[in-house]
Amino acid sequence: MEQKEFIRLAPQLRGRAMTVAHSFFASEEEAEDVAQETLIRLWKAWEGLTSAEEAERLTVRVAKYECINTWRREQSRPHTSLSLAQEATHPMAQNGQPMEGDELSEAIRRAAGTLPKSEARLWRLFAEAGMQTAEISAITEINVRSVSTMLSHARGHIYKLLKEGGYIDG
Amino acid sequence: MDKKQIIEDYLQGRHPMEQHSWELPSAQELDNAEAEFDRRNLTPRPLQRERGLKFWPFAVAACVAGFVAIFLAPPREAEEQQPLALEEPVVNSQEPIADSQLSTPLKGEMEGASQQPTVVKPKRTPKRKRVVPQEPQEEPLLAEAETVEEFPTEAAYQEFLDKMRKPSTSSYATQTQEIRERGEQVTQYVAMLNQQIKTEQQYVEY
């Protein structure tokens, strides 16, 4: 199916994924995360799908898979969120020296981790999944203009942190 | 690759940092996850537990508000009590005014001796009597106050006494009501007898 079809069907598929996630998780945040991950996977495999019915069936199955995955992740590391959050508040403070190589990736990841939850979700769709504004808007059901604004704000925030850490000159 | 270029590509969405696979899981993985999902979903859901936890603060707050409303509400007697009314009693200007009454300047003194001095004394109005609904009398045994001159006959008096002596089979509240009514009738009857005696005395004098 074409990508235009994905934009058209995304709200409906998101609703199905949210229903599945709500039946498993009490938290709205976790349900949102599950729905987002599900739709990213569907979007990546969209060209191989043949009909809307097949997409809907697959959405439910993938949503269940993501629910189990998320639940297992929580079980394996239940108490690491606080230390990660504390680390993320000072993403560039590593002995006052800028890092090299893979450490740059880690610094960028930490800078993105300081974004507010709503912006972090959009930023992940944009920077990691490679989605465009229209597709992000369809998945999240947020206005296109609002998506652009939030992405711009997130980009400025990460840029500022990297500059303060000495990764960007000037 | 230059650091600046990596950062620039990342910020433009062209260079993901996470090594995350977005591939669809295999059919086997999906089947296993679906079975696990269904098995875990049969247990009590955390959603219901969280809703229960969310409900409790509101329930406690409602109870506290109820207690506060009960304790802060004015007592029922205070509601029935009438506000104090000021009454101006008539004071005879010929009588001497007591010293205690002159402790405050009087309006009459301020305006001149020609006017009568007045003493304002608050007076509590009598409480309202509770109105008890009375059942309508089926047959009045004695005449009303307007027909006091019509003296009761001996037969009516006997009928009245019979009714007084008859044991009542009604409930306690009804009995109380009946006793009260009979008391009022006795009072009325005595008043009529007095009136009769007074009338006869006047007739003898004339």
Side-chain angles (χ1 to χ4, degrees), chain A residues 20 22-28 30-31 37 40-45 48-49 58 60-69 71-72 98-102 104-112 123-133 151 154-156 158-159 162-163 166-170, chain B residues 1-70:
Chain A
V20 172
H22 272 307
S23 70
F24 193 82
F25 288 113
S27 164
E28 181 74 18
E30 286 171 320
E37 293 295 312
I40 291 174
R41 285 183 189 274
L42 247 78
W43 180 70
K44 291 284 186 184
L49 301 179
L58 193 60
V60 173
R61 296 191 77 194
V62 173
K64 289 180 176 179
Y65 174 84
E66 285 296 337
C67 283
I68 296 296
N69 261 5
W71 177 77
R72 283 178 181 158
M99 297 169 286
E100 297 291 337
D102 290 341
L104 174 62
S105 304
E106 185 65 16
I108 291 173
R109 189 186 66 79
R110 287 178 181 173
W123 184 253
R124 189 153 190 264
L125 291 170
F126 172 76
E128 304 297 339
M131 286 184 169
Q132 297 304 309
T133 314
L151 287 177
R155 186 182 293 114
I158 294 170
Y159 182 85
L162 291 173
K163 192 174 180 181
Y167 290 94
I168 299 171
D169 298 330
Chain B
M1 198 174 182
D2 186 21
K3 273 193 309 186
K4 192 176 179 181
Q5 188 61 42
I6 292 173
I7 293 170
E8 184 66 26
D9 286 348
Y10 173 76
L11 293 177
Q12 294 303 322
R14 295 189 295 261
H15 189 282
M17 290 293 166
E18 288 183 9
Q19 303 299 321
H20 196 289
S21 172
W22 304 102
E23 299 295 322
L24 278 178
S26 65
Q28 181 67 34
E29 285 175 322
L30 288 176
D31 289 341
N32 291 341
E34 203 159 11
E36 177 81 3
F37 180 92
D38 293 338
R39 190 172 64 81
R40 295 209 166 273
N41 238 13
L42 289 176
T43 57
R45 295 172 188 174
L47 178 65
Q48 294 171 352
R49 194 170 64 239
E50 184 165 293
R51 279 180 183 167
L53 291 173
K54 283 180 181 174
F55 168 75
W56 274 111
F58 291 105
V60 171
C63 290
V64 170
F67 277 115
V68 168
I70 288 170

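The structure displayed is predicted, hence computed values, not measured ones. A, B, ... follow the sequence lines: proteins, then strands. Residue 1 opens every chain.
When each of A:Arg61, A:Lys44, A:Arg41 is paired with B:Leu24, the side chain to side chain contact (heavy atoms under 4.5 Å, CB included) condition holds for A:Arg41 and for no other.
B:Ala27 touches chain A through its backbone: at least one of N, CA, C or O sits under 4.5 Å from a heavy atom, while the side chain does not. For chain B, the nearby parts of A:Val20 are the backbone and the side chain; heavy atoms of each come within less than 4.5 Å. Contacts between A:Leu58 and chain B at a heavy-atom distance below 4.5 Å involve the side chain alone, from C-beta outward. Neither the backbone nor the side chain of B:Glu8 has a heavy atom closer than 4.5 Å to any heavy atom of chain A. In this structure, chain A has no heavy atom under 4.5 Å from any part of B:Asn32. Within the 4.5 angstrom heavy-atom criterion, only side-chain atoms of A:Trp123, from C-beta onward, approach chain B.
A:Lys64 contributes atom NZ, which lies 4.0 Å from atom CD of B:Glu34 (distance to the nearest 0.5 angstrom). Going from atom CD of B:Glu29 over to atom CG of A:Asn69 covers 8.5 Å, rounded to the nearest 0.5 Å.
The choice from B:Leu11, B:Asp31, B:Ile7 that makes the most heavy-atom pairs within less than 4.5 Å of chain A is B:Leu11. Most heavy-atom pairs under 4.5 Å with chain B: of the set A:Ile40, A:Leu42, A:Leu151, this distinction falls to A:Ile40.
Here the side chains of A:Ser105 and B:Tyr10 are not in contact, with every heavy-atom distance at 4.5 Å or above. The shortest side-chain heavy-atom distance between B:Gln12 and A:Arg155 falls under the 4.5 Å cut-off.
Counting all heavy atoms, side chain and backbone alike, B:Arg40 lies closest to A:Phe24 at CB-CE1, 3.8 Å.
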